[in-house]
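Structure, as structure tokens:
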Amino acid sequence: MNAGSLPPGTAAAVAALREEVSALHQELVRYNLVVWTGGNVSGRVPGHDLFVIKPSGVPYDRLTAASMIVCDLDGEVVDGDLSPSSDTAAHAYVYRHMPEVGGVVHTHSTYACAWAARGEPVPCVLTAMADEFGAEIPVGPFAVIGDDSIGRGIVETLAGHRSPAVLMQNHGPFTIGEDPRAAVKAAVMCEDVARSVHISRQLGRPLPIDPDAVDRLHDRYRNVYGQPGPSAQ
């Protein structure tokens, strides 16, 4: 299917999201969260059962809005000339089962992957973690790439959890957000705290934060911090 056969009223929303998702991939490069062609960003098309995702195996410096792939929530290609990311089925599963999610990101960032390789959650021992994640960053089950197994692990692990990030065992971090930008931000923050907590453990035992303080910090960050409106946080 090509853009001309998209459902009525969808083409403009898809075009805008293609631009946004393409640009957000450069943030993964900017923050050193990916190497070569690994990693991906996707975004749900507002008001439609569609999402936009990176094509498979295309270098980041060659990504454009036109090269982004549009899929339905079963992961089937609706519009695009290239093959979609190998993680498409995982993203599709998340969108089907977490309707509040508008963006999904996967990276191979070094420190987060190191925790994932150990199968160990990142403990909530920094106020920045309490702010963004509201808890530890949990570990999801080992799952192979290619079907929706990773998506099932993401959904099962994050169900009822405040963290927008999960470390899939022996694989790496996946993050979610209300939109693609929020999911990219969570990926940046995930790597930052994974690095800081790792360094802290080289120096000794990180000090835990009282759960009540974690709750207060998370609430303040979500509801008070920043400016009113979409630019908050």
Side-chain angles (χ1 to χ4, degrees), residues 13-46 50-56 58-65 67-71 84-88 90-92 94-95 98 100-113 115-116 122 128-129 131-134 137-138 140 150-151 154-155 158 161-168 171-196 221-222 225-227 229-233:
V14 166
L17 189 60
R18 273 181 154 143
E19 292 281 356
E20 180 182 12
V21 169
S22 176
L24 284 170
H25 279 93
Q26 302 312 314
E27 295 298 293
L28 304 188
V29 177
R30 175 186 176 193
Y31 286 99
N32 297 313
L33 303 184
V34 292
V35 295
W36 204 240
T37 62
N40 39 71
V41 178
S42 73
R44 188 195 295 264
V45 180
L50 300 169
F51 66 96
V52 171
I53 194 167
K54 168 183 175 287
S56 178
V58 177
Y60 280 82
D61 60 1
R62 288 174 49 196
L63 293 178
T64 65
S67 67
M68 296 297 108
I69 311 301
V70 183
C71 296
S85 166
S86 58
D87 290 312
T88 295
H91 289 239
V94 172
Y95 289 126
M98 302 182 81
E100 72 279 12
V101 170
V104 179
V105 172
H106 172 49
T107 78
H108 294 160
S109 58
T110 303
Y111 284 87
C113 281
W115 288 86
V122 182
M129 285 195 69
D131 287 346
E132 178 70 17
F133 302 99
I137 299 175
I150 292 174
I154 294 168
V155 171
L158 293 183
H161 203 292
R162 290 193 297 206
S163 173
V166 54
L167 307 176
M168 295 301 289
H171 189 170
F174 283 79
T175 59
I176 59 173
E178 63 183 2
D179 55 36
R181 182 178 181 274
V184 169
K185 178 193 173 190
V188 173
M189 297 293 287
C190 177
E191 177 65 3
D192 181 61
V193 299
R195 178 175 59 247
S196 295
Y221 189 66
R222 291 297 173 191
Y225 175 80
Q227 304 302 315
S231 62
Q233 302 179 30

Discussion item. Using the rule side-chain hydrogen bond (donor to acceptor under 3.5 Å, both in side chains), only one of Ser86, Ser56, Ser85 pairs with Asn40; which is it?
Written reply: Ser85

Check for a donor-acceptor pair, side chain of [X] on one end and backbone N or O of [Y] on the other, with a separation under 3.5 Å.
| X | Y | value |
| --- | --- | --- |
| Ser22 | Glu19 | no |
| Arg222 | Glu132 | yes |
| Trp115 | Ala194 | yes |

Return the minimal non-hydrogen interatomic distance between [X] and [Y], and the atom names on each side.
| X | Y | result |
| --- | --- | --- |
| Glu191 | Thr110 | OE2-N, 3.4 Å |
| Ala186 | Pro164 | CB-CG, 3.9 Å |
| Met98 | Arg44 | O-NH2, 3.2 Å |
| Pro138 | Leu158 | CG-CD2, 4.1 Å |

Show every donor-acceptor pair shorter than 3.5 Å between a side-chain atom in residues 100-107 and any protein atom, with sequence neighbours excluded, or say none if there are none.
unit_1	atom_1	unit_2	atom_2	d
His106	ND1	Pro173	O	2.9
His106	NE2	His108	NE2	3.0
His106	NE2	His171	NE2	3.0
Thr107	OG1	Ser109	N	3.3
Thr107	OG1	Ser109	OG	3.3

Indicate yes or no: at least one non-hydrogen side-chain atom of [X] is less than 4.5 angstrom from one of [Y].
| X | Y | value |
| --- | --- | --- |
| Ile53 | Val21 | no |
| Met168 | Ile154 | yes |
| Asp131 | Tyr225 | no |
| Val58 | Ser67 | no |
| Leu17 | Met68 | no |

Discussion item. Pair Thr175, Met189 - check side-chain contact (heavy atoms from CB on, under 4.5 Å), show working.
Written reply: CA-CA 10 Å; Thr175 59; Met189 297 293 287; over 6 Å; no

Worksheet item: Name the one of Pro180, Cys71, Pro84 that satisfies side chain to side chain contact (heavy atoms under 4.5 Å, CB included) with Phe51?
Response: Cys71

Worksheet, complete the sentence: Rounding to 0.5 Å, atoms CZ (Arg18) and CG (Leu63) come to a distance of 12.5 Å

Worksheet, complete the sentence: d(Ser42 OG, Ile176 CD1) to nearest 0.5 Å is 11.0 Å

Worksheet entry | Audit row: His25, Val184, side-chain contact (heavy atoms from CB on, under 4.5 Å) steps and yes/no | CA-CA 9 Å; His25 279 93; Val184 169; over 6 Å; no

Worksheet item: So Cys190 and Phe133, side-chain contact (heavy atoms from CB on, under 4.5 Å) or not? Walk me through it.
Response: CA-CA 9 Å; Cys190 177; Phe133 302 99; 4.1 Å; yes

Please tabulate, for side-chain N and O atoms in residues 26-39, each donor-acceptor pair with protein atoms closer than 3.5 Å (sequence neighbours left out).
unit_1	atom_1	unit_2	atom_2	d
Gln26	NE2	Tyr60	O	2.9
Glu27	OE1	Arg30	NH1	3.0

Worksheet entry | Asp192: side chain to side chain donor-acceptor pair (under 3.5 Å) partners, not counting sequence neighbours | Arg195

